[in-house]
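What follows is a single structure, written as structure tokens, with notes after it.
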There are 2 protein chains.
Amino acid sequence: MEVSDIVSRKEVAELAGVSEATVSRVLNATGPIKEDTRKRVLDVANQLGYVPSALARNFARSKSGHLGVVMPYVPKAHLFSAYFFSEMLSGIGNKARDSGLDLLLLFRKPGERIDYSSLFRQQRVDSCIILGAKDDHDEVEALRKLQEEGRPFCVMNHHFEGQSFCEVDADHVEGSRVAVSHLIEQGCKRIAFLNGPDIYSNSTERLKGYLIALQEADIEYDHELVLEGNYSRRSGLEASATILDKLDNIDAVFAANDRMALGVMQGLRERGLAVEQFPAFVGYDDSDAAEMAVPPLSSVRVPFYEMGELAASKLIPGSQDLIPALELTGSDPIRELLSTALIVRASSIRQ
Amino acid sequence: MEVSDIVSRKEVAELAGVSEATVSRVLNATGPIKEDTRKRVLDVANQLGYVPSALARNFARSKSGHLGVVMPYVPKAHLFSAYFFSEMLSGIGNKARDSGLDLLLLFRKPGERIDYSSLFRQQRVDSCIILGAKDDHDEVEALRKLQEEGRPFCVMNHHFEGQSFCEVDADHVEGSRVAVSHLIEQGCKRIAFLNGPDIYSNSTERLKGYLIALQEADIEYDHELVLEGNYSRRSGLEASATILDKLDNIDAVFAANDRMALGVMQGLRERGLAVEQFPAFVGYDDSDAAEMAVPPLSSVRVPFYEMGELAASKLIPGSQDLIPALELTGSDPIRELLSTALIVRASSIRQ
DNA sequence: TTGTAGGCGTTATCAA
DNA sequence: TTGATAACGCCTACAA
């Protein structure tokens, strides 16, 4: 058999002695069909190995049939290594697959600001999910335009303040608050906080949670205890120097993600600090690495996988969670906030 | 602006005072065009915000414009967590993006054996890359059929013995041999090998490398030292019991991937073994976790990212590495084997 | 250098 | 319950 043997609907129609329209009806299970005809057509189609062209179908329907997923550009590529992208993508992918939608992965180019609107006008996607968003003027404008045009899209794991985009996020204020409260319960009072850049709502929300926890415990906020990394292990490693310096004034470290937490641990270890002298540690994301760490790292679990499923379901035609029409009344009625959960391990247990 | 404002080529043609064909020629930079006309058309297109429909174009060309990537099904999803999928996908994605190809992610359904051939006949993809392949009768048959049909496809990180598929793989025999030789150089003689299931050529090749290294050093093979896990951390954890039992007869552990190596370490630790008493360790993949482990884990680095790029370039029209026509002469002329590299860290250094 | 017109394989609307 | 028959938006000979 060669590529050239493309069986078309026409041949099926002829051999089955019906019109092409009927073949379509049978294969799409649309419209009333006499059972007899149905069987005959199906038989012939089967026998001829006929498979409808998705390309033609989509074209005729003016639907690409694709759910686009915009991946952020990350220098040094190796993008997916980030635990949460992997998880979210899995969630999205499984949901899309179950709905017969194809997933189109859109890799952002280095400098280029993506033209979301064109993506739709080119009919490359019917809807799309934006991963790794961050506060950026061009980005917000592009998304606003998209919304004005009434395109279905969903931002994941980021909140654009003042906008009313469809967003699927986790409650990082609360996640953070619980983490820090836990450290306080363990007797810690001088809690260093290694946060990420504030272009991510993730970071600003974690800071909020941190502050709330301190306030609840009547602990005074000391801005010297707040460090900024960039969510990489390396930045954690670098922060470890500062932390070691202030170690007699720090009894716990809360990091905005596991990679940084592990980087700090690694740094302390490399600088000769014994595990017994470690401050208490809590990370964030509850990635696989947290469990394997020494000591096992307490961490805030985020339901990335479920967030992916939810985001996808908002963009799937006929779905329950489908985003409502575009009359966005007031604030942000379509922002979804999933809960996090603190997983306590040895790293944060005192005495 | 509303979704309904779809500017068609027709309008551009009218406003520019040319035929639709000319608009096409201008936008596709095909055929001779008077500079004057070109500019005028471009201006109008720009002004009207006209964007050609990729959907229609692909349809007219009978090309989907998509490079399909088949993702293996993994129970409990969380598929991408596996380091190497992430890396390979990044490589593929970047290459595809640079070539104007869209990446279609195809998630395998639980039990279902994927019908590769239909994928092409449906015109959902022009070519495809298969990730996470393993020895399986149905799978091989499906791929053979694909090859007979002359479809362009490429298998990654797996070798189908006796076939002549286009494959991009790493030299795991050599990677493994080097790793074990290194352990032997460190003075180890009783080297346990925690391998993965032999449905993966990865596993069987690593076993080969292990055997070669032993032979080169005149060390007798002891099948009791070879354990089988399933590449998960958990299976490493379980294997740690056996390893602890035989510890007076084992001075090193070579694991077929980092996750299992870390699982073994974790298990030993949980069972009370001090790091000083650990056997020497070497893992495989050189994932991020290896560097963060305690002790830092020696590991075999595999160029997954580059493998992804290479696989993609084999399927990109006009590419240098494009797979040759379908006259596959003899053995397997189109299998590519990239080199690995041993990264030595503290876990395998003796004395 | 440009216009004309047929074709791509469906879907979907109207009649019958 | 079925058959004709327009779209769908673009590409591409072929003609001019």
Side-chain angles (χ1 to χ4, degrees), chain A residues 3-42 44-45 48-66 100 102 118 120-124 126 317, chain B residues 3-42 44-45 48-65 100 118 120-124 126 317:
Chain A
V3 166
S4 47
D5 309 11
I6 326 168
V7 184
S8 82
R9 198 182 51 170
K10 193 171 173 182
E11 308 177 41
V12 177
E14 283 174 3
L15 220 168
V18 297
S19 73
E20 291 190 49
T22 298
V23 177
S24 257
R25 290 198 190 92
V26 170
L27 271 77
N28 292 330
T30 160
I33 291 283
K34 191 158 44 163
E35 179 56 22
D36 190 39
T37 317
R38 210 181 70 85
K39 255 191 92 174
R40 188 150 35 90
V41 170
L42 242 33
V44 174
L48 258 46
Y50 166 70
V51 179
S53 157
L55 194 50
R57 173 174 353 119
N58 291 333
F59 172 63
R61 287 180 178 158
S62 297
K63 291 269 176 228
S64 71
H66 301 329
D102 280 335
S118 287
F120 283 86
R121 284 186 300 174
Q122 287 171 144
Q123 303 195 69
R124 293 214 284 156
D126 296 332
Chain B
V3 166
S4 48
D5 309 13
I6 326 170
V7 184
S8 82
R9 197 180 52 167
K10 193 172 175 181
E11 307 176 42
V12 178
E14 283 173 4
L15 220 166
V18 296
S19 74
E20 291 189 50
T22 299
V23 177
S24 256
R25 291 197 190 92
V26 170
L27 271 79
N28 292 330
T30 161
I33 291 283
K34 192 161 40 167
E35 179 57 21
D36 189 39
T37 318
R38 209 181 72 84
K39 254 190 90 174
R40 187 151 34 91
V41 171
L42 242 32
V44 174
L48 258 48
Y50 167 69
V51 179
S53 158
L55 194 51
R57 172 172 358 115
N58 292 334
F59 173 63
R61 288 180 178 156
S62 296
K63 292 268 176 232
S64 71
S118 286
F120 283 86
R121 285 185 299 172
Q122 287 172 142
Q123 303 194 68
R124 293 214 286 159
D126 296 332

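Naming convention: chains lettered A, B, ... in sequence-line order (proteins, then strands); numbering from 1 in each chain. Any value given below was found using the heavy atoms of this structure, including those in side chains, with hydrogens, waters and symmetry copies removed.
Side-chain atoms of A:Arg9 lie closest to C:dT11 of the nucleotides C:dG9, C:dC8, C:dT11. With D:dT2, C:dG9, D:dG3 as the candidates, the nucleotide lying closest to the side chain of A:Val18 is D:dG3. Candidate nucleotides C:dT10, C:dC8, C:dT2 were compared by shortest atom distance to the side chain of A:Pro52, and C:dT10 ranks first. Residue A:Lys34 has its side chain nearest to D:dT1 when only C:dA12, D:dT1, C:dT1 are considered. Comparing C:dT2, C:dG9, D:dC11 by their closest approach to the side chain of A:Ala56 singles out C:dG9. Closest to the B:Ser24 side chain, of the nucleotides D:dT2, D:dC11, C:dT10, is D:dC11. Nearest to the side-chain atoms of B:Arg25 among the listed nucleotides D:dG3, C:dG3, C:dT10 stands C:dG3. Closest to the side chain of A:Ser19, out of D:dA4, D:dT12, C:dG9, is D:dA4. Closest to the side chain of A:Gln123, from the set D:dG9, D:dC8, C:dT2, is D:dG9.
Look at B:Thr22 and you won't find any side-chain N or O under 4.0 angstrom from OP1 or OP2 of C:dT1. Look at B:Arg57 and you'll find a side-chain N or O under 4.0 angstrom from OP1 or OP2 of D:dC11. Between B:Tyr50 and D:dG9 there is no side-chain N or O to OP1 or OP2 distance below 4.0 Å.
Computed from coordinates, the A:Lys39 NZ to D:dT1 C1' distance equals 19 Å when rounded to whole Å. Here D:dC11 presents its C1' atom at 17 Å from NZ of B:Lys10, a figure rounded to the nearest Å. When the C1' atom of D:dT12 is taken as reference, atom CD of B:Glu20 falls 13 Å away, rounded to whole Å. Here the C1' atom of nucleotide D:dC11 and the CG atom of B:Leu27 are 13 Å apart, to the nearest Å. One interatomic measurement links the two molecules: NZ of A:Lys63 to C1' of C:dG9, which rounds to 19 Å at whole-angstrom precision. If you take CD of A:Gln122 and C1' of D:dC10, they are 14 Å apart, rounded to a whole angstrom. Distance CZ (B:Arg40) to P (C:dT1): 14 Å, rounded to an integer number of Å. Between the C1' atom of C:dT2 and the CD atom of B:Glu35 lies a distance of 16 Å, rounded to the nearest Å.
Among the protein residues, B:Thr30 comes within range of no part of the nucleic acid, since none of its heavy atoms lies under 4.0 Å from any strand. Among the heavy atoms of the strands, none lies under 4.0 Å from B:Asn58.
Contact between A:Val51 and B:Ser118 at its shortest, heavy atoms only, is CG2-OG, 4.1 Å.
Exactly one of B:Asp36, B:Leu42, B:Val41 qualifies for a side-chain contact (heavy atoms from CB on, under 4.5 Å) with B:Arg38. That residue is B:Leu42.
A:Pro52 has its side chain out of reach of A:Arg9: every pair of non-hydrogen atoms, C-beta onward, lies at least 4.5 Å apart.
Judged purely by atom type and a 3.5 angstrom limit, B:Arg124 has no side-chain atom pairing as donor or acceptor with the backbone of A:Asp102. No donor-acceptor pair closer than 3.5 Å links the side chain of A:Arg40 to the backbone N or O of A:Val18.
Donor-acceptor pairing under 3.5 Å is recorded for the side chains of A:Asp126 and A:Ser64.
Nearest-nucleotide mapping onto DNA chain C: of B:Ala60 and B:Pro32, the residue sitting toward the 5' end is B:Pro32.
Between A:Phe59 and D:dC8, a base-stacking contact is recorded: ring centres under 5.5 Å apart, planes less than 30° from parallel.
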